[in-house]
Amino acid sequence: MKIRKLLIANRGEIAVRIARTARERGLRTVAVYSTADRDARHVEFCDEAVEIGPPAALESYLSIPRVLDAAGRTGADAVHPGYGFLSENADFAEAVEGAGLVWVGPPPAAMRAMGGKIPARKRMLEAGVPVVPGFQDETADDAALARAADGIGFPVLVKASAGGGGKGMRLIGAANDLAAGLAGARREAAAAFGDPTVYLEKAIERPRHVEMQIFGDRFGTVVALGERECSIQRRHQKIVEEAPAASIAAETRRRMAGAAAAAGRAVGYVGAGTVEFLVDGDERFFFLEMNTRLQVEHPVTEETLGIDLVAAQFDVAEGAPIPADWPGRATRGHAIECRIYAEDPETHLPRSGTVLVYQEPSGPGIRVDSGIERGSRVGIDYDPILAKLVVRAGDRAAAVARMRRALSEYAILGVTTNLPLLRRIVDSDGFAAGDTDTAFLARLPAVETRRPPAEAIAAAAAARGSSPAAATAAGPWSETDGWRNR
């Protein structure tokens, strides 16, 4: 079935990004929005927009009846879920297909197979995919989990079966801390996912988080499209990603790609998905989870392979096979992505406000996927991601230099962002050397950037009622006095 009109069941930067590819294909686009997002950029960007409820996500973006009603009212014939919200909800996928619409995502059966961490681990073991040593039993009580933890050896991770993003996760260093850790993890898992079930994994010391992009079609073909390094995280959520990984042996890359493709074939996967691995110091890798959706960091794969993953999602949803040149496709250069969040750069707590100044970097090899513009109101009702800054260059050293330059030009005023933290990361010697793991931020020196932040230029311009360019011409930066004439 050819798609003609697409409803995007999401918001923010990912809704804008999907709409761009849809527009290139000549598709009409429909945005949905809550009352909190009435003036949001994704609403303006699409051809039509439908209000679907109040700010609470459960009554708007997570309401299957309201999203489907919007599709029916506008005559949309396809739905793309983006990431987050309903993107990995098999019931939603079935409801879309049951309404006679094209679902631009994986089969509901594949989503269910990988939705729960415990059954997913079991399925991966059956498929020959290495998993982190652990213990998974939905019926186990605390005593059984304690015996299992002793057998695995501390430290161990308590993890929620139903969720992700670090919710319902506890690192337990000793046996006498296990009972409290289990109770806390269960409470958090029940509140976040409606399911208190937990399981145990051996905690890998200083692991790297490396994931493999996979893509499948309706003819049984599943290919791996290269890895992404995603180790720099806060609160178990990624903030900097790159492709290819900073340093990984060719043989490890080959075996990881084979394991990821096997994972996809094991569940009959169709479309874009990601298999996530933990990698230890000896480059042994272990299955972590599978994301049955488009990933936030998909642009770095697009930039290094020269493909549009969203366009490919549309193709396979319409019944096309994977392009013949995808298997074994070589990467070109190096790409890095920084996630721009509306949050305190030190505490990582979300922040709100109105964007008074918005200045994106530009130039060769720079891409910005943004959901905001000047005048945008940023609340705390949803995920605080505002934009993604992506750079590509011929090699990693050049990409790091380009990201430093791009971050120095990025200015957002009116709402607090994590831009200062991102500048510290990419300016650090550890990042330049590719010495990253999931504890990277804990080792990051608390030093300022090596160049004047763009916000200072923009702030001086705003104070003078002039443009940032005029302020730049006015005089040099002073560490103590800010921007001034001398």
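What's counted below: heavy atoms across the whole structure, side chains too, no hydrogens, waters or symmetry copies.
- In summary, the side chains of Y61 and D37 do present a donor paired with an acceptor at a separation below 3.5 Å, with no hydrogens or angles considered.
- Judged by distance alone, with hydrogens and angles left aside, the side-chain atoms of Q213 form a donor-acceptor pair with the main-chain N or O of G273 at under 3.5 Å.
- Between M114 and T292, the closest heavy-atom pair is CB-CG2, 4.0 Å.
- Residues P327 and A324 share a closest heavy-atom pair of CD-O, 3.4 Å.
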Discussion item. D435 vs D429, test: side chain to side chain contact (heavy atoms under 4.5 Å, CB included). Steps then yes/no.
Written reply: CA-CA 9 Å; D435 181 20; D429 293 337; over 6 Å; no
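- Contact record, T35 with P55: OG1-CD, 3.1 Å, taken as the closest heavy-atom pair.
- Of all the heavy atoms in N10 and P81, the pair that sits closest is ND2-O, 2.8 Å.
- A distance of 12.0 Å separates CG of L27 from CD1 of I18, quoted to the nearest 0.5 Å.
- Donor-acceptor pairing under 3.5 Å is recorded for the side chains of R17 and T21.
- Judged by distance alone, the side chain of S60 and the main-chain N or O of P54 form a donor-acceptor pair under 3.5 Å.
- P345 approaches T416 most closely through the heavy-atom pair CD-CG2, 3.9 Å.
- Under the 4.5 Å side-chain criterion, counting only non-hydrogen atoms from C-beta, M124 is not in contact with M290.
- Partners of F287 according to the ring-ring contact (aromatic ring centres under 6.0 Å, His included) rule, which considers only residues two or more places apart in sequence or in another chain, do not exist here.
- Residues A95 and L68 share a closest heavy-atom pair of CB-CD1, 3.7 Å.
- Taking 4.0 Å as the cut-off between side-chain N and carboxylate O, R405 and E409 count as a salt-bridged pair.
- Applying side chain to side chain contact (heavy atoms under 4.5 Å, CB included) to I425 and the options V240, T436, L407 leaves one that passes, V240.
- The existence of a salt bridge linking K238 and E276 is confirmed by a sub-4.0 Å separation between a basic side-chain nitrogen and an acidic carboxylate oxygen.
- Listed for the R293 side chain is no donor-acceptor partner under 3.5 Å among the backbone atoms of G82.
- Considering only residues two or more places apart in sequence or on other chains, F215 meets the ring-ring contact (aromatic ring centres under 6.0 Å, His included) condition with W326.
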Worksheet entry | Trace of the side chain to side chain contact (heavy atoms under 4.5 Å, CB included) decision for I385 with I14 | CA-CA 10 Å; I385 191 167; I14 188 58; over 6 Å; no
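- For T438 and Q233, the side-chain atoms include no donor-acceptor pair closer than 3.5 Å.
- Under a cutoff of 6.0 Å and an axis angle of 45°, R23 and F314 do not form a cation-pi pair.
- The main-chain N or O of H209 is found under 3.5 Å from a side-chain atom of S231 such that the two form a donor-acceptor pair.
- With no hydrogens or angles considered, a side-chain donor-acceptor pair links H334 and E242 at under 3.5 Å.
- Distance check, rounded to the nearest 0.5 Å: CD of E211 to CD of E289 gives 9.5 Å.
- Not one N or O on the side chain of R66 forms a donor-acceptor pair closer than 3.5 Å with the backbone of E51.
- A heavy-atom distance below 4.5 Å is found between the side chains of L288 and K159.
- Checking side-chain atoms of R392 against main-chain N and O of R367 turns up no donor-acceptor pair under 3.5 Å.
- A donor-acceptor pair under 3.5 Å is formed between the side chain of R41 and the backbone N or O of S370.
- D47 and T29 share a side-chain donor-acceptor pair at under 3.5 Å.
- A 6.0 Å sphere centred on CZ of R329 holds more than 12 heavy atoms belonging to other residues, nucleotides or ligands.
- Salt-bridge check for K117 with D195: failed, with every basic side-chain N at 4.0 Å or more from each acidic carboxylate O.
- Contact of the F277 side chain with the E227 side chain is not registered, since no non-hydrogen atoms from C-beta on lie closer than 4.5 Å.
- Residues in residues 350-381 take part in these ring pair (Phe, Tyr, Trp, His ring centres under 6.0 Å) pairs, two or more places apart or across chains: Y358-Y410.
- Considering CE of M403 and CD1 of I366, their distance stands at 8.5 Å, rounded to 0.5 Å.
- Remark: side-chain polar atoms of R374 are not paired, donor with acceptor, to backbone N or O of V357 under 3.5 angstrom.
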Worksheet item: What's the verdict on side chain to side chain contact (heavy atoms under 4.5 Å, CB included) for I307 and L225, showing C-alpha distance, side-chain angles and the deciding distance?
Response: CA-CA 10 Å; I307 60 178; L225 296 174; 4.0 Å; yes
Worksheet entry | salt bridge (Lys or Arg N to Asp or Glu O under 4.0 Å) between D91 and R112, worked out | CA-CA 9 Å; D91 291 339; R112 284 202 171 91; 2.5 Å; yes
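- V355 has its side chain out of reach of E373: every pair of non-hydrogen atoms, C-beta onward, lies at least 4.5 Å apart.
- A salt bridge does not link R228 with E241: every distance from a Lys NZ or Arg NE/NH1/NH2 to an Asp or Glu carboxylate oxygen is 4.0 Å or more.
- Taken from OH in Y341 to OG1 in T417, the straight-line distance is 12.5 Å, to the nearest 0.5 Å.
- Without hydrogens or angle criteria, T221 side chain to D217 main chain gives no donor-acceptor distance under 3.5 Å.
- Comment: K388 does not engage E297 in a salt bridge, judged by the lack of any side-chain N to carboxylate O separation of less than 4.0 angstrom.
- For the pair R443 and D437, the salt-bridge criterion is met [side-chain N within less than 4.0 Å of a carboxylate O].
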Practice prompt. Evaluate the salt bridge (Lys or Arg N to Asp or Glu O under 4.0 Å) criterion for residues R20 and D308: first the C-alpha distance (whole Å), next the side-chain angles of each, then the deciding distance (0.1 Å), finally the verdict.
Written response: CA-CA 11 Å; R20 281 199 168 107; D308 184 331; over 6 Å; no
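- Atoms CG and CD1, on D315 and I3 in that order, are 9.0 Å from each other to the nearest 0.5 Å.
- Using a 4.5 Å cut-off on side-chain heavy atoms (C-beta onward), N418 and I340 make contact.
- The shortest side-chain heavy-atom distance between P384 and H348 does not fall under the 4.5 Å cut-off.
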Practice prompt. Take V79 and L6 through the side chain to side chain contact (heavy atoms under 4.5 Å, CB included) test and state the conclusion after the steps.
Written response: CA-CA 6 Å; V79 174; L6 177 75; 5.7 Å; no
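- The backbone N or O of P445 lies less than 3.5 Å from a partner atom in the side chain of R424, making a donor-acceptor pair.
- For the pair D77/V102, no side-chain contact is recorded, criterion being any heavy-atom separation below 4.5 Å from C-beta on.
- Within the 4.5 Å cutoff, the side chain of D69 has no heavy atoms near those of the V50 side chain.
- In this structure, the separation between OG on S63 and CG on L58 is 9.0 Å, given to the nearest 0.5 Å.
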